[in-house]
Protein chains: 4
Amino acid sequence: MSPTSTQVARRDAILAAAVAVFGAAGFADAGVDEIARRAGVAKPTVYNHFGDKRGLLLESIRWATARAQQRVMGALSGLDPSAADLRAELERVSRALIECLLSDEGTAVMRLQVSEQHHLAELDSLRLGARQATVEALAGRLAIIAAHGRLRLPDPVLAARHLMALTSDEPLAESGFGARRLQPDEVVGPVRDGVDTFLAAFGVD
Amino acid sequence: MSPTSTQVARRDAILAAAVAVFGAAGFADAGVDEIARRAGVAKPTVYNHFGDKRGLLLESIRWATARAQQRVMGALSGLDPSAADLRAELERVSRALIECLLSDEGTAVMRLQVSEQHHLAELDSLRLGARQATVEALAGRLAIIAAHGRLRLPDPVLAARHLMALTSDEPLAESGFGARRLQPDEVVGPVRDGVDTFLAAFGVD
Amino acid sequence: MSPTSTQVARRDAILAAAVAVFGAAGFADAGVDEIARRAGVAKPTVYNHFGDKRGLLLESIRWATARAQQRVMGALSGLDPSAADLRAELERVSRALIECLLSDEGTAVMRLQVSEQHHLAELDSLRLGARQATVEALAGRLAIIAAHGRLRLPDPVLAARHLMALTSDEPLAESGFGARRLQPDEVVGPVRDGVDTFLAAFGVD
Amino acid sequence: MSPTSTQVARRDAILAAAVAVFGAAGFADAGVDEIARRAGVAKPTVYNHFGDKRGLLLESIRWATARAQQRVMGALSGLDPSAADLRAELERVSRALIECLLSDEGTAVMRLQVSEQHHLAELDSLRLGARQATVEALAGRLAIIAAHGRLRLPDPVLAARHLMALTSDEPLAESGFGARRLQPDEVVGPVRDGVDTFLAAFGVD
DNA sequence: GATGAATGAGTTTTCATTCAT
DNA sequence: CATGAATGAAAACTCATTCAT
């Protein structure tokens, strides 16, 4: 029998609660009790669905990673290769990417992936996969721009990595990997600087 | 009365054990029991010295951060502004920096700072301070090189940040922020690529 | 949902065990472990029901005080105002009261109320309330006797207090406030003496 | 060699601190650390003098009991058998007795004797001895008064016990056995009432 | 003999996990 | 299947007591 829609809703409620609680408190300090309470279900229901706490963590990170990745892809697909002002377009998309990274769910995922690897080796491939997918997507767009003759890119994938590194490193560090919310201009400035350097390296004239 | 040398040795042994255990397991999963055992002291001795588990974490991160910072500074001071092969010199120093970051103590510090901020807001200033000191030191060296006319740097501090971002981002991500030991060529390649882009942006001719 | 009968039984078992253990060892030396073992439940069950050790103490004293008070009231209601031999009747009831005070539960309550007031200020009103209720009930009975013309009582409440003081002081002191079990004649004699003095003061020739 | 005077002073300082701390917190909750700190000595000094915590309790109760007993005897020796107003004299002395009982040291002793008997069976004889000495002393005085024809006392010891019971029961109960300080009129009234009844029973018309 | 530091043993409390309903 | 209550295992922390100086 296929799962009913209330079952799916319940499952999603648990996953959302888990991401929030795990992200805020970390795996060890998160209580299954509180996750169940937030999801509006009883504790054994959580266990029925996910086996144990570790399984819940794994599944909730998978779930949140997929959602985050979707938002990232949305942001990247908004990059217009023929935009009149290339510099402005790169800054806009870089800011959008950083917003995804620093959103509530984004930071929850990021921090859990960094801090809970000893609990879940399975996470690593997930994290790297997401990173690679993002890089590839960005590289594709940059390649199109290069094909238009507006960038000089011997290796679009490398360029994509470097663009991300240049623009996101500073905001990530400043925010404490998502622990603190950034003010808008704490993103705008570093992104402009990063794109500057990127264009100095890869720009045409 | 000033502390005797056994006192200091004991204290350092506890701190070293704490960094190792906290770094490997995270704050919550680390047991004071095990830290004491590794340090070769009884549990109450740990409490006598550091008050409680939280105080021990704080102090051990302070201690390890200071040691790591010293090693980083040592690496940077090795940058020779008049080296014949500038590209090679930048690569060498970048690799040295990354080795510091990915050393046992370095990764312990990094992962704790990322994952335990909800336990210790005090950590944030420490982390940012260390980062800034490193950036400033590197910026100073780069400025000298620029003064020799071998780099074109409108803003040495920004250049320092970008050099670090370009060279270290990939190795950090690949290693899972220190969870996995990297093979030498997992560092060499990305560093070369990073320095390439850096020189494309800031190099002279 | 109303508690099932096993719930109540379990709760009462814990309370009875707690009164016994607290009474014998005092609050600090009593172990929740032993209370749980005696009650035939697991330790966390105790915590689920009563929150913490302090809450368990409070609740168990409330419970035991109520039970003791019930027994005291039973004893007092047995005082027959028209008994042929008034002296014998007063002695009988006084002995019954003292038996309540020196019963296992009675002494547990008494000693905890004396010794653990720094843990539980709430206890004080409980103790005084129980004392007052007893005094009032006894006063009521004495007043009836006085109305029959067999005692001369300007103030029945005062007389009740004095009767209790005269008969119970010595046995309480001798027993070490319940620490030692008394032989029957260690109660009989002092009670007779106390009633003697009481009647010398309030008797009608 | 006889102990030097500083040794005696130190010893007394420890005992005084012990009585205060034990009396306020009870045996189990009292810390040897705090006793040592209050006495201005190091912890091992306490152990050198008294062996262990139990020994310190025992010795400090002995010491405080002796001091309290001295004060009680002083109060009783002030009873003037030929005072013009016998009622006033009995009230005065009864109040003095109660003041001894409810003084800081007095309540400390009383509460420890009640609550720590499972720690120290030796205490019992001490307590009973002190009680008996007090009763005997009071009985002696009452006997003199009776010899003067101002009281009719078949058994002076019994009368002494009853006078103490009648006057001190209520204040002791009200004060929670010394937990709460009484207002003066919380002593005066009950004492007057107690002496009233005493004289009604034993007075000469 | 007095002290500062160290320790061994024990206690309260918590929490992931599982029955019984 | 969902729930309320129960449990086993573990971990932080404390404290009486003892060395080394």
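Chain letters run A, B, ... following the sequence lines, proteins first, then strands; residues in each count from 1.
The CG atom of Leu112(A) sits 9.0 Å away from atom OG1 of Thr107(A), with the distance rounded to the nearest 0.5 Å. Note that CZ of Phe50(A) and CG of Leu15(A) are 4.0 Å apart. Values are rounded to the nearest 0.5 Å. Atom CG in Leu56(D) sits 11.0 Å away from atom NE2 in His49(D) (nearest 0.5 Å). If you take OG1 on Thr45(D) and CZ on Arg10(D), they are separated by 6.0 Å, rounding to the nearest 0.5 Å. The line from CG of Leu58(A) to CG of Leu126(A) is 8.0 Å long, rounded to the nearest 0.5 Å.
Residue Arg10(D) places at least one side-chain N or O under 4.0 Å from the OP1 or OP2 atom of dA2(E).
The side chain to side chain donor-acceptor pair (under 3.5 Å) search around Arg67(B) returns Glu105(B), not counting sequence neighbours. With sequence neighbours left out, the side chain to side chain contact (heavy atoms under 4.5 Å, CB included) criterion links Arg127(D) to Ala173(C), Gln113(D), Gln117(D), Asp124(D).
Contacts between residues 12-40 of chain D and DNA chain F, defined by a heavy-atom separation below 4.0 Å, involve Ala30(D), Gly31(D), Val32(D), listed by number. For DNA chain F, the residues of residues 45-54 of chain D within the heavy-atom distance limit of 4.0 Å (strictly under) are Tyr47(D), Asp52(D), Lys53(D), sorted by number.
Shown here for Val19(A) and Ser60(A), the closest heavy-atom pair between the two residues is CG2-O, 3.5 Å.
Taking five base pairs at each end of the helix from dA2(E)-dT21(F) to dT21(E)-dA2(F), the local helix axes there meet at an angle of 20°, rounded to 10°.
For dT17(F), the base has a donor-acceptor partner in the side chain of Lys43(D) [N/O atoms by modelled type, under 3.5 angstrom].
Residues Leu57(A) and Lys53(A) are not in side-chain contact: their nearest non-hydrogen atoms beyond the backbone lie 4.5 Å or more apart.
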For residues 22-33 of chain A, tabulate all N or O donor-acceptor pairs below 3.5 Å that involve a side-chain atom, not counting sequence neighbours.
residue	atom	partner	partner atom	Å
Asp29(A)	OD2	His119(B)	NE2	2.8
Asp33(A)	OD1	Lys43(A)	NZ	3.4
Asp33(A)	OD2	Lys43(A)	NZ	3.4

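Note: CG (Leu57(C)) to P (dT12(E)) measures 12 Å, nearest angstrom.
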